[in-house]
There are 2 protein chains.
Amino acid sequence: MGKKTVTIRDIAREAGVSPGTVSRAINNSPLVNPETRQRIIQVVKAFDYVPHRAAQRLSTGKTLTIAVIVPFFTTPSVTERLNGVVSTLAKTQYDLLIHNIEKPEQRANCFRTTPRRDRVDGVLVISISPTDEEVPLLAEADVPIVLIDAQHPDLKRLHQITVDDVAGGQAVTEYLIALGHTRIGFIGDPSDNPFNFTSSRDRASGYRRALTTAGIPYCPEYYAENPHGRREARESARKMLTLPERPTAIFAASDVQAVGVLEAARELGLRVPQDLSVVGYDDVEIAEILGLTTMRQMLFDSGQRGAELLLKTLENPETQPVHEVLPTELVIRDTTGPPPR
Amino acid sequence: MGKKTVTIRDIAREAGVSPGTVSRAINNSPLVNPETRQRIIQVVKAFDYVPHRAAQRLSTGKTLTIAVIVPFFTTPSVTERLNGVVSTLAKTQYDLLIHNIEKPEQRANCFRTTPRRDRVDGVLVISISPTDEEVPLLAEADVPIVLIDAQHPDLKRLHQITVDDVAGGQAVTEYLIALGHTRIGFIGDPSDNPFNFTSSRDRASGYRRALTTAGIPYCPEYYAENPHGRREARESARKMLTLPERPTAIFAASDVQAVGVLEAARELGLRVPQDLSVVGYDDVEIAEILGLTTMRQMLFDSGQRGAELLLKTLENPETQPVHEVLPTELVIRDTTGPPPR
DNA sequence: GCGGTGGATGAAACCGATTTCATTAAACCG
DNA sequence: CGGTTTAATGAAATCGGTTTCATCCACCGC
């Protein structure tokens, strides 16, 4: 099946015009006679002609491509954000390129090679906050960039869609305090991680701030950091829950980790919420299934808004960088209650 | 920041050679003196030069792009397959284009416009079986295509990575029968759906076959089809479990649906597995969390194998179409046991 | 010492579109 | 009716690589 590609010259020859005219005709240039256009369109249809993408890109300088840089994209919360991006872009003619980051070196590599004018028209970055050294690199790339669930103080150059994780962490903790808890544990990701994830760190800040405000001393034994994961969280929870004076509530920095906490509780024979209250973060599907109390964030919407923002910027490059903060909402289910005794 | 792109000619000038030589040097052509290459590489590094993708594509005719067509990519099982694809392709220099299908018309559109020589070098299709009308269209496109978890009898033209869903469904049912169950329900997706998903249908065939073999009459009341989803499965399960003579076991065509069944059981006060046995399919993370007995398929591997197969075919276009059937494995956890009484 | 062989390189064509610039023909105007 | 716009189109340059073909030079064998 040789099936040679039909080029714009074929169309031109067939329609009895020059390639330039064909190009103008299909790109809605006003500089072409309606009749001529009609004839050309006809030939295009007849030949099922579609312009060669690479050729278009090369000559226009536009790539019609948007890249999204995303870490561990099988994580449910990340997938949901990505979903927002994908469904928004599906309505446009932009192609979506996915770069999954699972190792720190991929991250560096990706930040260096992806945001280039000749590769993409714009970049979405999900959940990975660029470092101070990386920002100038990104800015220099001269490609519009939107951070989703990631941040950087340099608002002059980067669009940002975030959630106030400090406030969220604080709200969760205040809720637990209001229930009467004073021994409240926190289980999150490493504050200092090669990906520069910030959300867990920020939620921990909110946690501490709420404790301080309430006059509850911060107890390092009730604070644990682990590489993200259910198992890791379970181990931490187990340790924490076998302390001489165990916490009566645990706030996990994500639903995934909260599940680990629940598992640890089950193993230790602790009833939830009678013996232990557990709160997660994100409100992914599993939270609803397990009846987990959690802080809901608008995951899908964050992706959607980010994509929309990027599209708007592509249309109008003069758009000033925007920093949008999405709301959160505490969803109270079955894993929280007053402390025992 | 103007930042004009540095082209191969810039490198050539700087290194004191011709563009052709630079091209040869960076593409590992043996036709270039090691010293010259060394010098060129140096300049490339110094200028942080990266070849213009569109230009490469145009001149080579290769797009260096692979598209994956995937339905509802937030579904955990689909995400996991996709993960296999992504991680395999990450090691190559191919770009990955994602087309998410959520509506039937997207499907048709996608099959028509995506598999074109000038757009992609190859296509991976996940979980969507092409129809008889679509296959010639795909074949004509003259782009290698690999179906993952999808099938079509025309093995002459399409690579396929599948699981024997009929056998899988049969095995699950036989297991339940061996436990002593005779009233076994099945809850799956619509056999006839606009996406042409076949896995649920096939698992149902296996289910029926096992019943027949065991001499258990097939009872339509124990068989339900719903649009895929937890809630829908829950409703079906509720109906089935409130029958005068309710099933003692339910086989759900996916873990997601099995969760719905578990919810229905909980609502109705049925203990699992004492009163009701539940089996899922896929073995996604939630199955492990909930202790769900399920049929594990190699989700990640299916994506990986599919991608590898596609890459191999790209290297050697003469590769004969392959049909690879991946094994399944019954994972027995806490939701299955002998029937009550 | 000379034709032959092959390695390394440069010059130029080419991929398929877009876009600038030039050209032609028609329309318009005083 | 001559001169000037203006609309429509063609010719050709361009985008940034790759690749073919030609060239040059060194080395080999005789």
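Bear in mind the structure is a predicted one, so any value in this text is a computation, not a measurement.
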Separation of atom CD in B:Q38 from atom P in C:dA8, rounded to whole Å: 15 Å

Candidate nucleotides D:dT9, D:dG16, C:dT18, ranked by approach to the side chain of A:N33 - the nearest: D:dT9

Between B:S18 and B:S59, whichever has its closest DNA chain C nucleotide further toward 5' is B:S18

Expressed in angstrom and rounded to an integer, what is the separation of B:D118 atom CG from C:dA17 atom P? 8 Å

May I ask you to check whether B:F47 and B:Y49 place their ring centres under 6.0 Å from each other? no

How long is the line joining CZ of B:R53 and C1' of C:dC15, in whole Å? 17 Å

Between the base of C:dG10 and the side chain of B:R24, is there a donor and acceptor pair under 3.5 angstrom? yes

Do B:R57 and D:dG17 share a donor-acceptor pair, side chain to base, under 3.5 Å? no

Less than 4.0 angstrom between a side-chain N/O of B:Y49 and OP1 or OP2 of D:dG17, yes or no? yes

Starting from P on C:dT20, measure out to CG on A:L31 and report it in whole angstrom. 11 Å

Please tell me if A:Q56 has a side-chain N or O lying less than 4.0 Å from either OP1 or OP2 of C:dG16. no

Among the candidates C:dT9, D:dG10, C:dG16, find the nucleotide nearest to the side-chain atoms of A:T5. C:dG16

Whole Å only: how far is the CG atom of A:L58 from the C1' atom of C:dC14? 12 Å

Take the protein atom CZ of A:R13 and the nucleotide atom C1' of D:dG10, then report the distance between them rounded to whole Å. 16 Å

Side chain of B:H52, heavy atoms from C-beta onward: which of C:dA17, D:dG17, C:dG10 has the nearest atom to it? D:dG17

Can you measure A:I8 atom CD1 to C:dC15 atom P for me and round it to whole angstrom units? 15 Å

To the nearest Å, how far apart are A:I40 CD1 and D:dG10 C1'? 12 Å

5'-most by nearest nucleotide on DNA chain D - B:I26 or A:V17: A:V17

So B:N27 and B:S29, side chain to side chain contact (heavy atoms under 4.5 Å, CB included) or not? Walk me through it. CA-CA 6 Å; B:N27 289 311; B:S29 159; 5.5 Å; no

With rounding to the nearest 0.5 angstrom, report the OG1 to CD1 distance, B:T36 to B:I41. 11.0 Å

Closest to the B:S23 side chain, choosing from C:dT9, D:dT18, C:dA17: D:dT18

Report yes or no: is there a donor-acceptor pair, N or O only, under 3.5 Å between the side chain of A:R39 and the base of D:dT9? no

Between C:dT18, D:dT9, D:dT18, which nucleotide has the shortest distance from any of its atoms to the side chain of B:T60? D:dT18

Qualifying residue, where the test is side-chain hydrogen bond (donor to acceptor under 3.5 Å, both in side chains) with B:R57 and the options are B:T63, B:T65, B:D121: B:T65

If you count every heavy atom of other residues, nucleotides or ligands that lies below 6.0 Å from A:D192 atom CG, does the total exceed 12? no

So if I apply the side-chain hydrogen bond (donor to acceptor under 3.5 Å, both in side chains) rule between B:D154 and each of B:R157, B:H152, B:K156, B:Q151, which one comes out positive? B:R157

Select base, sugar-phosphate, or nothing to describe what A:N27 touches, counting heavy atoms under 4.0 Å on all strands. sugar-phosphate

Closest of C:dA17, D:dG16, D:dA8 to the B:R9 side chain is D:dG16

From the set C:dT18, D:dT9, C:dG16, return the single nucleotide nearest to any side-chain atom of A:T36. D:dT9

